Amino acid sequence: MAEQMTGAEMVIRALTDQGVEHIFGYPGGAALPIYDAMFQQDKLQHILVRHEQGATHMAEGYARSTGKVGVVLVTSGPGATNAVTGLTDALLDSIPLVCITAQVPTSLIGSDAFQECDTVGITRSCTKHNYLVKSVADLPRVLHEAFHIARSGRPGPVLVDIPKDVQFALGTYLGADEIGASRHKSYRPPSSGDAGAIAQAVELMLKAERPIFYTGGGVINSGPDASEKLRELADLTGFPVTSTLMGLGAFPGSNPQWMGMLGMHGTYEANMAMHDCDLMICIGARFDDRITGRIDAFSPDSVKIHVDIDPSSVGKNVRVDLPIIGDCGLVLEEMIRLWRTRTNQPRTEAIKPWWDEIGSWRARNSLGYRNSDTTIKPQFAVQRLHAATKGHDVYITTEVGQHQMWAAQHFPFEMPNRWMTSGGLGTMGYGLPAAVGVQVAHPDALVIDIAGEASVQMTMQELSTAIQYRLPIKVFILNNERMGMVRQWQDLLHGGRYAHSYSESLPDFVKLAEAYGAKGIRCSDPKLLDAAIAEMIAYDGPVLFDCLVEKHENCLPMIPSGKPHNEMILPDFAEDIGAVIDEKGRQLV
């Protein structure tokens, strides 16, 4: 039913009508009418952040762990510009967000008013769509449309900029159903995929001798059914499966068909299989440069099938032979149906030589490392953390750097929506606020941010948010006293010249935790690590765990910049830098 209310009240009503339960924000003068309207209701819980960037990452963690749209509310000027990093992060990783920004009154737009900026202009390139609402009559439609665009097709962030006078203005509110189909007419993304193309893909799969499923975050974004369909199709075909960083958890890490992560820090077997396959079935991934390595040498002899809901991603980086534009879950469902009508059996004997070759690559143990009785190796720390969390409903976030890659390599996931990391943008400082968002969404779950001591300091203030809302997040810092990934590249590419990759004034993380009102734990002895991790998990509140690890450990394996998949740096258990292995699995001197 149409109702008269202010623009600010419309914002709150539209959010509750869209099923929003939590919003992450920070008030300011231009946003106060909305905050006042929020104060007078009890359906929507506001989480007060300490910085607007933190709000966007919290909303990302919330969205990625639930499949819902994350919502952010910030004020004009610096409030909006502080949110830009998180919006860009969400755009590159296809995370559905609605970010509501306040704006100066319409009469002052363009006058360089206090805390004015061109929010729509600034965010045009880092949002899926954005709006400047100049009339209260347009506000209900825009708000409902924003949610539709954010969650439909390839998900992404949508920004709605609302001037202060529009928030005060009186108008008629209409619900999504009353607005009707008109809000959908300009945006109707594809869904089911072309039936003929899917049939052609299945025919190629039935003939392939060296096939591979290359999966990405699109499988997870499609919903839990898509992950189930991927598992079913892999079981039906018997094909090996690999994944991007964003796709971890869509296929179980314990499954024998799982080859591990692909790409720059992926496993030797996954990268060699990608290089040597004759059929690549890419599902919900976008051929990012961290996956492809050198483009002209990427999977040179394969027929490439690309399933993606975003037409702009097809052919953008890598030429494909058979594009299928559609929702991953629906396309997988049709592939399963067609496979069952043709054979209903895995191609076990036909691809046995392929699996034998993959087995020989696995035998290289590319994730191996030399352990220590006196120093905690970071890989060991992640493995012990994984062992300690078995039996828990655990969600992992990360910052960005070596610790992120070690987590991806050594913390296997069995389910989707349990792994939250910054993939496309590589945003240091993502993990701690993302963990807050995940914990808000899953108050009874175990939520751990696997962090680096450099990254975590970028948004450390959000620990205060966790304290205020009694959110028992655990921040597990792999502290090597270096910007580890920067130092590693300086080792490999810049002659060991460590230009500004070392901080001489790290905080005492235990004291810092206590200053915030959290628990601090420190461990440097591998023999005491299990007990310290158990203490962290058992504590009913936020924890900063300062895990002092080997300072010079490199994150291997690694495809060097500008190299193809079959020229990797692997650990040789003699030198930290490792050995370069050629396409026949031989060590290059």
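Because the structure is predicted, anything quoted here is derived from the model rather than measured.
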For L248 and A408 the tightest heavy-atom approach is CD1-CB, 3.8 Å

Determine yes or no for a side-chain-to-main-chain donor-acceptor pair under 3.5 angstrom, with H386 supplying the side chain and A381 the backbone.
no

Given the rule in the ring-ring contact (aromatic ring centres under 6.0 Å, His included) test, do H275 and F298 qualify, once you have shown the distances and angles that lead to the verdict?
CA-CA 6 Å; H275 186 270; F298 173 67; 9.1 Å; no

CA sep, side-chain torsions, deciding dist, call: F476, L478, side chain to side chain contact (heavy atoms under 4.5 Å, CB included):
CA-CA 7 Å; F476 189 73; L478 299 181; 3.7 Å; yes

CA sep, side-chain torsions, deciding dist, call: R487, D491, salt bridge (Lys or Arg N to Asp or Glu O under 4.0 Å)
CA-CA 6 Å; R487 191 233 9 110; D491 251 351; 2.8 Å; yes

What distance separates R124 CZ from T119 OG1, expressed to the nearest 0.5 Å?
11.5 Å

Does a sphere of radius 6.0 Å around CZ in R294 hold more than 12 heavy atoms from other residues, nucleotides or ligands, not counting ones at 6.0 Å or beyond?
yes

Heavy-atom pair with the smallest gap, counting every atom of V219 and A250:
CG1-CB, 3.9 Å

Hey, does T56 have a side-chain heavy atom less than 4.5 Å from the side chain of F24?
no

What residues, two or more places apart in sequence or in another chain, satisfy side chain to side chain donor-acceptor pair (under 3.5 Å) together with Q200?
none

Note: E349-K352 ion pair, threshold 4.0 Å (strictly below):
no

I'd like to check P557 versus Q409 (side-chain heavy atoms, cut-off strictly below 4.5 Å). Are they in contact?
yes

Hey, what's the ring geometry for H129 with Y131, parallel, tilted or perpendicular (30° and 60° as the breaks)?
perpendicular

Results of side chain to side chain donor-acceptor pair (under 3.5 Å) for T341 - residues two or more places apart only
none

Flag, side chain of E334 to backbone of I198, donor-acceptor distance under 3.5 Å:
no

Show the numbers, then the answer: is there a side chain to side chain contact (heavy atoms under 4.5 Å, CB included) between M558 and W489?
CA-CA 11 Å; M558 178 182 176; W489 280 60; 3.7 Å; yes

Taking the inter-plane angle between the rings of F239 and F213 on a 0 to 90° scale, is it parallel (under 30°), tilted (30 to 60°) or perpendicular (over 60°)?
tilted

Between W355 (side chain) and G238 (backbone), is there a donor-acceptor pair under 3.5 Å?
yes

Taking side chain to side chain donor-acceptor pair (under 3.5 Å) as the definition, give me every residue that meets it alongside Q439, ordered by chain and number, with sequence neighbours left out.
none

Take S94 and R154 through the test side chain to side chain contact (heavy atoms under 4.5 Å, CB included) and record every step on the way to the result.
CA-CA 6 Å; S94 305; R154 178 181 176 180; 2.7 Å; yes

Compare every heavy atom of P157 with every heavy atom of L87, then report the nearest pair and how far apart it is.
O-CG, 3.4 Å

What are the two closest non-hydrogen atoms of A297 and P300, and how far apart are they?
O-CD, 3.6 Å

For S65, is there any backbone N or O sitting under 3.5 Å from a side-chain donor or acceptor partner on H442?
yes

Can you confirm whether H265 sits close enough to I559 that some side-chain heavy atom of one is under 4.5 Å from a side-chain heavy atom of the other?
no

Hey, does the side chain of H565 reach the backbone of I291 with a donor-acceptor pair shorter than 3.5 angstrom?
yes

Exercise: identify the closest heavy-atom pair between A285 and T215
CB-C, 4.3 Å

Strictly distance-based, threshold 3.5 Å: is any side-chain N or O of W258 a donor or acceptor partner for the main-chain N or O of V241?
no

Classify the ring geometry between Y268 and W361 as parallel (under 30°), tilted (30 to 60°) or perpendicular (over 60°).
perpendicular

Do any N or O atoms from the side chain of N417 and from the backbone of R64 form a donor-acceptor pair under 3.5 angstrom?
yes

Is any side-chain N of the basic residue among R340 and E232 closer than 4.0 Å to the acidic one's carboxylate O?
yes

Just jot down the salt bridge (Lys or Arg N to Asp or Glu O under 4.0 Å) partners of D321, sequence neighbours excluded, or say none.
R319

Of all residues at least two apart in sequence or in a different chain, which pass the side chain to side chain donor-acceptor pair (under 3.5 Å) check with K316?
none

For E60 and L97, which heavy atoms make the closest approach, and how far apart are they?
N-CD2, 3.8 Å

So among I212, T242, D301, V303, which one has a side-chain contact (heavy atoms from CB on, under 4.5 Å) with C277?
I212

Can you classify the ring geometry of Y369 versus H410 as parallel (below 30°), tilted (30 to 60°) or perpendicular (above 60°)?
perpendicular

Throw together a table of side-chain donor-acceptor distances under 3.5 angstrom for residues 201-210, partners on residues two or more places apart or in other chains.
{"unit_1": "E203", "atom_1": "OE1", "unit_2": "R342", "atom_2": "NH1", "d": "2.9"}
{"unit_1": "E203", "atom_1": "OE2", "unit_2": "R342", "atom_2": "NH1", "d": "2.0"}
{"unit_1": "R210", "atom_1": "NE", "unit_2": "D276", "atom_2": "O", "d": "2.8"}

With the threshold set at 4.0 Å, does a side-chain nitrogen-carboxylate oxygen contact exist between R418 and D393?
yes

Is it true that a side-chain atom of S302 and a backbone atom of K304 form a donor plus acceptor pair closer than 3.5 Å?
no

Can you check whether E399 reaches M428 side chain to side chain, under 4.5 Å on heavy atoms?
no

Within a strict 4.5 Å, meaning less than it, do heavy atoms of the T292 and N317 side chains meet?
no

Just wondering, do M261 and T267 contact through their side chains at under 4.5 Å, heavy atoms?
no

Determine whether L91 and T127 satisfy the following criterion, side chain to side chain contact (heavy atoms under 4.5 Å, CB included), listing intermediate values before the conclusion.
CA-CA 6 Å; L91 182 70; T127 55; 5.8 Å; no

Give a yes or no on whether a salt bridge exists between D235 and R231, defined as a side-chain N under 4.0 angstrom from a carboxylate O.
no

Does some side-chain heavy atom of L425 sit less than 4.5 Å from a side-chain heavy atom of Y430?
no

Using a strict threshold of under 4.0 Å (side-chain N to carboxylate O), is an ion pair present between R286 and D288?
yes

Would you indicate whether the side-chain heavy atoms of I450 and Q404 approach each other to under 4.5 Å?
no

